[in-house]
Protein chains: 2
Amino acid sequence: MGAEFDRDIEIESSSEGEYAANLGPGWLVGAGINGGYQLAVIGNALRAASPAKPDPIAVSAYYLSASTPGPATVSIRPIREGGNLSTFAADLSQDGTDRITALATYGDLSRLPDDVRTTAIEPDLPPRGECLPVSMAPPELHKVAPLMSRFDLRLDPACAGWAKGEPSGNGLLQGWIRLHEEREPDPLSLLLVLDALPPVTFDLGMPGWAPTLELSAHVRADPAPGWLKVRHATRNMAGGMFEEDCEVWDSTGRLVAQSRQLARAPRPQA
Amino acid sequence: MGAEFDRDIEIESSSEGEYAANLGPGWLVGAGINGGYQLAVIGNALRAASPAKPDPIAVSAYYLSASTPGPATVSIRPIREGGNLSTFAADLSQDGTDRITALATYGDLSRLPDDVRTTAIEPDLPPRGECLPVSMAPPELHKVAPLMSRFDLRLDPACAGWAKGEPSGNGLLQGWIRLHEEREPDPLSLLLVLDALPPVTFDLGMPGWAPTLELSAHVRADPAPGWLKVRHATRNMAGGMFEEDCEVWDSTGRLVAQSRQLARAPRPQA
């Protein structure tokens, strides 16, 4: 029933303001569940709690501890109900341990005015056939990061030198992305896409896991069907942390989502 | 007794997790109190609640309603105390009405590793003597926006054409900023500086107030004494909203703070 992504973000109302979720093992990266997927699970519970304003407009998540596959609870507390926007607090926990605490403002993307004066430039990517499918990564990598098998991701080869030991040092990753089963993008899947790629620090020659401390996402439009372009960049690696900015563009060339996260730099590997 | 900024962000512990503040009328812009100043008030209460980790590392604030001069309460709830970082929820209210709800991670900036691999380029500003001091703005503007008299702000004339009715359309504002009374910058004053300038939409030819919906701030280093450079830019004005990215650079040329906010576009003026 439905695509894998929809099955895996399913939530069930368990009591007033509480939703039961089940974090799928397919979304693991190393020892923890991917942060973007968890944002989509929280986003789905918020949608259930906000039927008249079903779309995430802004979501800020603080990642407290690594989630593991299995049951989780999303607790939602309404903070302010406005005319066009409502704000909520949301927490994702497992066995009584907080994994993520978040704030979110929800609205209705279909009711926003249709002005577009974006000056940002859509990433200029080579055709998908000339990009590097992550499905071609070594099987041992897929075993450690089953997340990589959840979508079709084609990286711009100009930003993927790190895959053969030649990082550019620019701090930039970009590519094409699409969920499997032709599951078309929507505001919830954008929350995943904003944090689904390898850390941009790979392109700085720093392999390894880069745990997110905080991520704020803005969903700016309902995405059109088809492939998405996604672009990650960092400009301030310092003090053992870095910011990572993400943009997602839909198939019509519209900038549909943006995020910024603060993450810990990967520990130097032995 | 201290500089104006310090007096105006003063808080007093009133009960467990509650702090009394008094929002100064000098921080008004139109009918509401400036968001950056309020972030500094919340940041000061968090500092009191987190003595061992006194510095804001990440703060995400959702602005719920406009604050007015006078008493306010900041309520703080610890969420997770970690080894190097602690996460809190914080709410600012007036007369029982929520003004701001926030999440924050605090740490100790002096204990971060000293690596700096920033690739961002420091803004190239004309000397301060060639910039436009906002103190020269018409008196009627100062009356509506007393905030403008709280600091010495010198705008880069290349981004200030809007002041004479010639906005560049680039969506960029930058300049020099310093608090009065030679009050040197610190992590709390950076929270103010990240949201102290006129909206970047002035440079798009859209005058008027642009209410912040969400703002996430990252303080990346303790700023050195002296003047700060501040840069605001937007790239995605669409659907009646825009993102505004801010960078703050200290006198040694270090990128010490970054923020992104989502704000409502100003309403067209009659």
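Residue numbers begin at 1 in each chain, while the letters A, B, ... track the order of the sequences.
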Evaluate the side-chain proximity of B/R264 to A/L85: yes if any heavy-atom separation is below 4.5 Å, no if none is.
-> yes
Segment of B/A89 engaging chain A (4.5 angstrom heavy-atom cut-off) = neither
Within residues 75-89 of chain B or reaching into it, pairs that qualify as salt bridge (Lys or Arg N to Asp or Glu O under 4.0 Å) - sequence neighbours excluded = B/K53-B/E81
Side chains of B/M241 and A/H218 in contact at under 4.5 Å (non-hydrogen atoms) | no
Quick one: what part of B/L103 sits under 4.5 Å from any heavy atom of chain A, side chain, backbone, both or neither?
-> both
Side chain / backbone / both / neither for A/S259 at chain B, heavy atoms under 4.5 Å = backbone
Just how far is it from atom CZ of B/R235 to atom CD of A/E247, taken to the nearest 0.5 Å?
-> 4.0 Å
Side chains of B/T105 and A/E214: is there a donor and an acceptor less than 3.5 Å apart?
-> no
side-chain contact (heavy atoms from CB on, under 4.5 Å) against A/R254, all qualifying residues, sequence neighbours excluded | A/V116, A/A221, A/D250, A/T252, A/V256, B/A238
Residue part contacting chain A, namely of B/R117, when any heavy atom lies under 4.5 Å | both
Which distance, rounded to the nearest 0.5 Å, do you find between the CG of B/D245 and the CG of A/D245?
-> 6.0 Å
Spell out, as yes or no, whether a donor-acceptor pair under 3.5 Å connects the side chain of B/N236 to the backbone of A/T119.
-> no
Quick one: CD1 on B/I57 to CG on A/L213, what's the gap to the nearest 0.5 Å?
-> 9.0 Å
Is chain A contacted by the side chain of B/T101, its backbone, both, or neither, given a heavy-atom distance below 4.5 Å?
-> both
